[in-house]
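A quick write-up on the structure given underneath.
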Amino acid sequence: MIDTALLAQEARKLGLNLTEEQLNDFDRFAELLDYWNKQINLTAIKDPTEMVYKHFADSLTALAAAPMPPGASFVDVGTGGGFPGLPLLIARRDLHGVLLDSTQKKLLFVDRVLTGLNLTQQGRTLHMRAEEAGRTLNLRNRFDFSVSRAVANLRELSEYCLPLTKVGGTFVALKGSKAKEELREAQQAIRLLGGEVADVQRYFLGEMGERHVIVIRKTSPTPPKFPRASAKIAKEPLTTAE
Ligand code: SAM
């Protein structure tokens, strides 16, 4: 269904050599996405070439910007139809991922892909809000990496992701062209939540435009009062020193 040679080429540009088997897994994932997208709304992207760039290659920029050591654990916050989490699990069979979302029906699709691609040893879904997960004992401070795409602005997203990330771990935010602006508005929140901006990488995905990957290291524990309740996160932005 997808042009696997194109995906292989885009992945190579990101420093990843995908095997024949991995390319087939991406192709199977695209087929499942195409089929289930007709039953439940998973993505507006339907064209196979766009899928390669906007879903698969875009997800893989996380690995290029923030290389994950063998066996690392990650949580994908607001995974939706499985992005970036599923491409990370396909490209790196050694990783362990929790694919978290507050919408159950999307996770049923993600479960089908995990099963269909034999990824159930590596990945599992979790139906929960990120703020709730961040206050749950066995999830808080638990992951080597937190990753997220298209879920919230960086300031709010930091409050979702940093509590879940271990001290010494990394929060990776996949962002579009307004990344720098978002970063400016999120600086204070990132500091308050125990993070430090380590890097911002820019990628051009074919003709699909400019993408940014913001890499934030968790350097100190997130204070116990975070994450706050959803309404507070939205209404009281962490912009002023507390
Ligand atoms: N990350 C996927 C992608 O890039 O294609 C999905 C993006 S979709 C626009 C946003 C997803 O984030 C939705 O599936 C939504 O249910 C989920 N979401 C939003 N806020 C959330 C929260 N606080 N906790 C968990 N999931 C959340």
Side-chain angles (χ1 to χ4, degrees), residues 26 29-30 32-34 36-37 40-47 50-63 65 74-90 97-114 123-136 139-140 142-143 145-165 171-179 182 186 189 193 203 205 208-209 211-214 222 226-238:
F26 275 107
F29 179 17
L32 288 166
L33 190 58
D34 182 57
W36 284 102
N37 211 23
I40 48 174
N41 184 22
L42 292 162
T43 173
I45 295 166
K46 297 184 178 83
D47 174 69
E50 278 195 52
M51 238 187 239
V52 167
Y53 284 108
K54 292 193 178 172
H55 278 330
F56 299 156
D58 190 35
S59 294
L60 295 176
T61 59
L63 290 175
F74 73 84
V75 57
D76 178 8
V77 170
T79 191
F83 301 103
L86 285 171
L88 301 186
L89 291 175
I90 295 172
V98 169
L99 312 182
L100 175 145
D101 205 285
S102 54
T103 307
Q104 176 86 57
K105 70 171 185 182
K106 294 190 184 180
L107 293 180
L108 294 177
F109 165 74
V110 175
D111 275 326
R112 281 178 191 276
V113 181
L114 288 172
R124 70 176 176 100
T125 55
L126 181 62
H127 178 218
M128 206 184 260
R129 288 196 69 84
E131 313 81 293
E132 197 191 323
R135 291 191 296 268
T136 302
L139 296 169
R140 188 178 173 94
R142 143 94 202 277
F143 298 94
F145 289 81
S146 54
V147 296
S148 191
R149 183 182 83 157
V151 172
N153 69 56
L154 187 65
R155 188 174 54 212
E156 293 179 16
L157 195 62
S158 299
E159 196 162 345
Y160 294 164
C161 291
L162 280 167
L164 295 166
T165 312
F171 158 38
V172 184
L174 306 189
K175 291 286 177 186
S177 55
K178 298 212 173 85
E182 283 196 39
L193 293 159
Y203 297 94
L205 298 177
M208 305 285 176
R211 302 287 300 162
H212 290 89
V213 183
I214 302 174
T222 301
F226 302 118
R228 299 163 298 159
S230 320
K232 262 206 158 174
I233 295 178
K235 276 196 223 127
E236 291 175 30
L238 291 178

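For the numbers below, each heavy atom of this structure counts, side chains included, while hydrogens, waters and symmetry mates do not. Ligands are counted one by one from 1 in listed order, and the atoms in each one are counted from 1 as well.
Looking only at distances, a side-chain donor or acceptor of Glu182 sits under 3.5 Å from a matching main-chain atom of Leu154. Counting only distance, with no hydrogens or angles, the side chain of Ser148 and the backbone of Val77 share a donor-acceptor pair below 3.5 Å.
Ring-plane geometry between Phe26 and Phe56 is classed as tilted, the angle between the planes lying from 30 to 60 degrees on a 0 to 90 degree scale.
Protein residues having a heavy atom under 4.0 Å from any atom of ligand 1 are Gly78, Thr79, Gly80, Phe83, Leu100, Asp101, Ser102, Thr103, Lys106, Met128, Arg129, Ala130, Glu131, Arg149, Ala150, Val151, Tyr160, listed by chain and number.
Using a 4.5 Å heavy-atom cutoff, the side chains of Val75 and Arg142 are not in contact. No side-chain heavy atom of Asp58 sits less than 4.5 Å from a side-chain heavy atom of Phe83.
With sequence neighbours left out, the salt bridge (Lys or Arg N to Asp or Glu O under 4.0 Å) criterion links Glu50 to Lys54.
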